[in-house]
Amino acid sequence: MYFIGVDLGTSAVKLLLMEESGKICGSVSREYPLYFPQPGWSEQKPEDWWDAVCDGMKELLAGIDGKEVGGISFGGQMHGLVILDENDEVIRPAILWNDGRTQKQVDYLNNEIGKDKLSSYTANIAFAGFTAPKLLWVKENEPDNFARIRKIMLPKDYIAYKLSGTHCCDYSDASGMLLLDVKNRCWSKEMLEICDVKEEQMPKLFESYEVVGTLKPELAEAFGMSKDCKIAAGAGDNAAGAVGTGTVGDGQCTISLGTSGTIFISSEKFGVDENNALHAFAHADGHYHLMGCMLSAASCNKWWMEEIIGTKDFAGEQENITKLGENHVFFLPYLMGERSPHNNPMARGTFIGMTMDTSRADMTQAVLEGVAFALRDSLEVARKLGIPITRTKICGGGAKSPLWRKIIANVLNLKVDVIEAEEGPGMGGAMLAAVACGVYDSVEDAAAKIVRVVKTIEPEPELVEKYEDRYRKFAQIYPTVKGLFDTVTI
């Protein structure tokens, strides 16, 4: 039996085909446009996602018997607002996770409703990327569209609906909407009232590994698959990625260096830090997790390489970086504003410390280190909660860089485990589909049998000490320049 994981990313969808054993049999990717109607805005058309999934599915299944596919599940970009009308047609382009237009609504929620109330309702406070502020923005700025809303969905859930006909959402992804009572795993009546939304407008909630329906007969025929193929709810990209790296159960950690960057800590118990600097979300394994999310991670390096110095030779540029822990240049990686732990959409990328002898390699190194330092900001919050983290798995495009992995290990003073098949949320989605079909007893069971660590990067005491000094200096920069962002940001 085969299982398909659909990783609905920001720049492309990746479809992954997995055997019961966890062996990857193939994957395909399809890109789609990203729109920036105004500075700081970010949108996509859900119809483009669906077209890409359908196109990719045919290639993925070429050469195999599609009727052997037992289940499909998902990992998807979180927080994006997808709204459907009474005919289940998309009303407007989806407002994405990295969209910063909702500062007014965020301020209203955090300051007028109050952070304490928000945290008591949802275990989180408002961030510009979350879904609830987007709903308030649509209500205020596009009242005709708001009045037409019959169903509110997240990006991957739109694909699940198109495949199965079920309006569904899993708890992990719903946690990032600021509409879910995370502790009690139900929609928050208070938050729905604040956003002027009725519960019937919300999708039905499922655990990530639960079956939401089966493949529509017309799609089964078109794809050459069985109409009994199960569709499982799936998870937000970070939770799905954590499943794919085996970060399930209690006290596990993974770092993702994708377009955004995250540090993800799984827990069997519900918990919230007192300042809500970390997100407290439900996990795809049926338990909970804490997560620090920075909006720009590997995308910082891509921007620096391709847009600024004009090269795609990422590895070649890193060859000249040899003096780790000694760089005098610092970089704040806030190209799209920042979420954890600063919650400031007005923050911007900043270089500081350049002199006449600063080299191209110094600047490149500063970008890599800046992302690592920012991840440590979130790790420090977890450590203050008394969570004893000594090692982490690593995933995402940036994790393919041996140099960046070494920097991460020493800046955060963690053992960094590299896994055999780093396939991100697509792998997690396929594993969730296998659990939904009963091949594995639980998500933890699937992770234990499928995920294998092949290499560990150990922190080096001398380098850890050097980076400790650099991190303390880095940590002073944002508080010092924070006030400037309000005056220089367009």
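Residues Tyr2 and Cys25 have side chains in contact (heavy-atom distance under 4.5 Å, counting atoms from C-beta outward). For the pair Ser175/Leu180, a side-chain contact is recorded, criterion being any heavy-atom separation below 4.5 Å from C-beta on. Counting heavy atoms from C-beta outward, Ile394 and Arg405 have side chains that approach closer than 4.5 Å. Side-chain contact between Leu290 and Ile387 is present, with heavy atoms from C-beta onward closer than 4.5 Å. Counting only heavy atoms from C-beta outward, the side chains of Ser260 and Met294 never approach each other to under 4.5 Å.
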(request) Verify salt bridge (Lys or Arg N to Asp or Glu O under 4.0 Å) between Glu43 and Arg101, making sure each step is shown before the conclusion. (result) CA-CA 11 Å; Glu43 297 183 349; Arg101 77 184 71 183; 2.8 Å; yes

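In this structure Asp55 satisfies the side-chain hydrogen bond (donor to acceptor under 3.5 Å, both in side chains) test together with Arg30, sequence neighbours excluded. Legend: residues meeting salt bridge (charged side-chain N to carboxylate O under 4.0 Å, His left out) with Glu338, ordered by chain and number and at least two apart, are absent. Under the side-chain hydrogen bond (donor to acceptor under 3.5 Å, both in side chains) criterion, Thr262 pairs with Asn238, not counting sequence neighbours. With sequence neighbours excluded, no residue satisfies side-chain hydrogen bond (donor to acceptor under 3.5 Å, both in side chains) with Ser299.
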For residues 372-381, tabulate all N or O donor-acceptor pairs below 3.5 Å that involve a side-chain atom, not counting sequence neighbours.
from, atom 1, to, atom 2, distance (Å)
Arg376, NE, Glu380, OE2, 3.1
Arg376, NH1, Val411, O, 3.1
Arg376, NH1, Glu468, OE1, 3.0
Arg376, NH2, Glu468, OE1, 2.9
Arg376, NH2, Glu468, OE2, 3.2
Asp377, OD1, Tyr471, OH, 2.6
Glu380, OE2, Arg383, NH1, 3.3

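The side chain to side chain contact (heavy atoms under 4.5 Å, CB included) test with Trp50 singles out one residue from Val13, Ile159, Val90, and that residue is Ile159.
Tyr478 has its ring centre less than 6.0 Å from the ring centre of Tyr334. Outside the 6.0 Å centre-distance limit, the rings of Phe314 and Trp404 are not counted as a close aromatic pair. Centroid-to-centroid, the aromatic rings of His279 and Phe130 come within less than 6.0 Å.
The number of heavy atoms from other shown groups lying within 6.0 Å of CD (Glu31) does not exceed 12.
Separation of atoms OG1 (Thr131) and CE (Met177) is listed at 4.5 Å; rounding is to 0.5 Å. Distance NZ/Lys134 to CH2/Trp97: 10.0 Å, rounded to 0.5 Å. Atom CG of Leu60 is separated from atom NZ of Lys14 by 11.0 Å, given to the nearest 0.5 angstrom.
Side-chain contact check for Asp357 and Thr355: at least one donor-acceptor pair (N or O, by modelled atom type) lies under 3.5 Å. Side-chain polar atoms of Gln318 and Ser401 form a donor-acceptor pair below 3.5 angstrom.
The ring-ring contact (aromatic ring centres under 6.0 Å, His included) pairs that include a residue from residues 235-268 are Phe264-His283, Phe264-His289, where partners are two or more places apart or lie in different chains.
Salt bridge annotation for Lys156-Asp170: present, with a cationic side-chain nitrogen under 4.0 angstrom from a carboxylate oxygen.
Note on ring orientation: taking the six-membered ring where Trp is involved, the planes of Phe270 and Tyr288 are perpendicular (angle over 60°, cut-offs 30° and 60°).
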